[in-house]
Amino acid sequence: MRNLTVKRNKSFVASVMRMNVYIEDPSSEDITLNGLSCRRLGSLKNGEEKTFTIDENEARIFIIADKLSKGYCNDYCKIQEGREDISLSGKNCFNLATGNAFRFDGITDGEVLKNRKKSMKIGLAILIAAIVVGIVVGAAIGTIFTKGGLTAGSKPKEFSSKGMRITLTDQFKESTEEGFTACYDSGDVAVFALKEDFSMLNGLENYTVWEYGAAVLEHNGFSLEVQLETREGLTCYERLSTGDDGVTYHNLTVLYKSSDSFWIIQFVTREKSFDKYEQTIVDWAKSVAFAS
């Protein structure tokens, strides 16, 4: 056996977060990182140093923030077979696309550097989607609502776009908003749909809907104030926002995974009207289906 000492150098970046240390271990079922079975050794606070007892085998040492962001907020270092003790160090580096990931010092290994680039591409795609979700809707909801609104006697009507189908009512009209795949407006409720193809980035298809939703919240800066939840089988979150018209809107965002992409579909209505339409909106969200 030998000692592995890991020092997390102090940094203002991600200073309140604990980073988790894992070691490659084919017999462990703790977590899979970059396709490898790994065992958790412990966690590191900002500026903390810890020593772990490991075996003499060659292995990879991973440091991640959490299991939800492991696909893009990660770094690793290879250690060689031997009996000598090992010391590693690094710190969290500012980069929104990687979730301010930890980076080991002195890395020159091409495989590790390639992994960093891959992680940044995945995180950047989610960050871009988050920017669209967080900013474009803020501008759009102040202009998309038309006169009138939902009235009694409406009939179900199916709309479709890019392989996605949703059943709303015949009082909805299709509209266009920059940055979205499809938009529908009834006057009282607006629906914004955004498709993100797996083909944009290698590895994006490996995310679960929950992991993707957590990443969207994190990159939007919503993770401390908004909770991801499951409602009637839907992975979703709610938040309030103010449109360019100064009105407060209630947004129910639902995340989906189809065979070739993730979808973020937002149902937006004025805050004072949300209670009235809440169950109807949930039913509309449950009607979403995708072409196989």
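- Using a distance-only test at 3.5 Å, with no hydrogens or angles considered, no donor-acceptor pair links the side chain of Asn115 to the main chain of Asp75.
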Query raised in the report: For Ile54 and Met1, what are the C-alpha separation, side-chain angles and deciding distance, and is it a side chain to side chain contact (heavy atoms under 4.5 Å, CB included)?
Result: CA-CA 6 Å; Ile54 63 172; Met1 303 300 285; 5.7 Å; no
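- What you find for Leu228 and Ala214 is that their closest heavy atoms are CD2-N, 3.6 Å.
- When all heavy atoms of Ser119 and Gly71 are compared, the closest pair comes out as OG-O, 4.0 Å.
- Within a 6.0 Å radius of NZ in Lys91, no more than 12 heavy atoms belonging to other residues, nucleotides or ligands are found.
- Within a 6.0 Å sphere centred on CD of Glu29, heavy atoms belonging to other residues, nucleotides or ligands number 12 at most.
- For Lys78, the NZ atom sits in a packed shell: over 12 heavy atoms of surrounding residues, nucleotides or ligands are nearer than 6.0 Å.
- Classified by interplanar angle (parallel below 30°, tilted 30° to 60°, perpendicular above 60°), the ring pair Tyr207/Tyr72 is parallel.
- The heavy-atom pair separating Glu211 from Lys70 by the smallest distance is OE2-CE, 4.1 Å.
- A side-chain donor from one of Gln279 and Asp283 sits under 3.5 Å from a side-chain acceptor of the other.
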Report task. Might you work through the side chain to side chain contact (heavy atoms under 4.5 Å, CB included) test for Leu234 and Tyr256, ending with a clear yes or no? Result -> CA-CA 8 Å; Leu234 302 170; Tyr256 305 85; 4.3 Å; yes
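- No side-chain heavy atom of Ser259 sits under 4.5 Å from any side-chain heavy atom of Phe290.
- The two residues Trp263 and Lys162 make their nearest non-hydrogen contact at CZ2-O, 3.6 Å.
- For the pair Ile63 and Val6, the minimum side-chain heavy-atom distance is below 4.5 Å.
- Proximity of a side-chain donor or acceptor of Thr181 to a complementary backbone N or O of Lys195 within less than 3.5 Å is detected.
- Under the 3.5 Å distance criterion, with hydrogens and angles disregarded, a donor-acceptor pair is assigned to the side chains of Tyr212 and Glu196.
- In this structure, Lys257 contributes its side chain and Trp210 its backbone to no donor-acceptor pair below 3.5 Å.
- Remark: side-chain polar atoms of Asn100 are not paired, donor with acceptor, to backbone N or O of Asn92 under 3.5 angstrom.
- When side chains are defined from C-beta on, Lys173 does not count as touching Asp185, because their heavy atoms never get closer than 4.5 Å.
- The ring pair (Phe, Tyr, Trp, His ring centres under 6.0 Å) test applied to Tyr237 returns no partner, not counting sequence neighbours.
- In summary, the side chains of Asp188 and Tyr277 do present a donor paired with an acceptor at a separation below 3.5 Å, with no hydrogens or angles considered.
- Between the CG atom in Leu168 and the CD atom in Glu174 there is a gap of 10.5 Å [rounded to 0.5 Å].
- Side-chain atoms of Ile64 and Asn74, non-hydrogen and from C-beta on, do get closer than 4.5 Å to each other.
- Cluster annotation: Phe102 and Leu113 are assigned to the same hydrophobic cluster (Ile/Leu/Val/Met/Phe/Trp/Tyr, side-chain heavy-atom contacts under 4.5 Å, transitive).
- One N or O on the side chain of Asp55 and one on the backbone of Asn57 form a donor-acceptor pair closer than 3.5 Å.
- Checked against the 6.0 Å centroid criterion, the rings of Phe262 and Phe198 qualify as a close aromatic pair.
- Considering CG of Asn251 and CZ of Arg239, their distance stands at 7.0 Å, rounded to 0.5 Å.
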Query raised in the report: Can Ser89 and Asp105 be said to form a side chain to side chain donor-acceptor pair (under 3.5 Å), step by step?
Result: CA-CA 6 Å; Ser89 65; Asp105 293 331; 2.6 Å; yes
Report task. Verify ring-ring contact (aromatic ring centres under 6.0 Å, His included) between Tyr249 and Phe274, making sure each step is shown before the conclusion. Result -> CA-CA 9 Å; Tyr249 293 89; Phe274 184 75; over 10 Å; no
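- Both Val268 and Val247 are assigned to one and the same hydrophobic cluster, defined by single-linkage of ILVMFWY side chains at heavy-atom distances under 4.5 Å.
- Taken from NZ in Lys67 to CD1 in Ile31, the straight-line distance is 5.5 Å, to the nearest 0.5 Å.
- Between the side chain of Asn34 and the backbone N or O of Leu36, no donor-acceptor pair lies under 3.5 Å.
- The backbone N or O of Gln80 lies less than 3.5 Å from no partner atom in the side chain of Glu58, so there is not a single donor-acceptor pair.
- Here the options are Val288, Thr253, Leu255, the test is side-chain contact (heavy atoms from CB on, under 4.5 Å), and the partner is Ile265; only Val288 passes.
- Considering only residues two or more places apart in sequence or on other chains, Tyr22 meets the ring pair (Phe, Tyr, Trp, His ring centres under 6.0 Å) condition with none of them.
- With a 6.0 Å radius and a threshold of 12 heavy atoms from other residues, nucleotides or ligands, Lys7 has its NZ atom at or below the threshold.
- Under the 4.5 Å side-chain criterion, counting only non-hydrogen atoms from C-beta, Ile79 is in contact with Arg2.
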Report task. Could you please spell out the steps behind the ring-ring contact (aromatic ring centres under 6.0 Å, His included) verdict for Phe172 and Tyr184? Result -> CA-CA 6 Å; Phe172 278 85; Tyr184 311 102; 7.5 Å; no
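- Counting heavy-atom neighbours within 6.0 Å of Met17 CE, excluding the residue itself, gives a total above 12.
- The distance from atom SG of Cys236 to atom CD1 of Ile281, rounded to the nearest 0.5 Å, is 11.5 Å.
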Query raised in the report: Which is it for Leu252 and Val282 under the side chain to side chain contact (heavy atoms under 4.5 Å, CB included) test, yes or no, and what are the steps along the way?
Result: CA-CA 9 Å; Leu252 175 65; Val282 170; 4.3 Å; yes
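- Between Ile23 and Phe52, every side-chain heavy-atom pair lies at or beyond the 4.5 Å cut-off.
- Taking both residues in full, the closest heavy atoms of Asn46 and Arg8 are given as N-NH1, 3.2 Å, listed atom of the first, atom of the second, then distance.
- The closest donor-acceptor contact from the side chain of Asn3 to the backbone of Thr51 lies at 3.5 Å or more, if one exists at all.
- Side-chain atoms of Thr98 never come within 3.5 Å of backbone atoms of Met120 as a donor-acceptor pair (strictly under, hydrogens ignored).
- Rounding to the nearest 0.5 angstrom, the gap separating the CG atom in Asp197 from the OG atom in Ser261 is 5.5 Å.
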Query raised in the report: Which is it for Val226 and Glu238 under the side chain to side chain contact (heavy atoms under 4.5 Å, CB included) test, yes or no, and what are the steps along the way?
Result: CA-CA 7 Å; Val226 178; Glu238 293 181 54; over 6 Å; no
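- Counting heavy atoms from C-beta on, the side chains of Thr269 and Glu278 never come closer than 4.5 Å.
- Taken to the nearest 0.5 Å, the CD atom of Glu49 stands 9.0 Å off from the CG atom of Asn9.
- The side-chain heavy atoms of Glu205 and Asp260, taken from C-beta on, include no pair separated by under 4.5 Å.
- The two residues Arg270 and Gly187 have their closest heavy-atom pair at NH1-O, 3.3 Å.
- Counting only distance, with no hydrogens or angles, the side chain of Glu24 and the backbone of Ala59 share no donor-acceptor pair below 3.5 Å.
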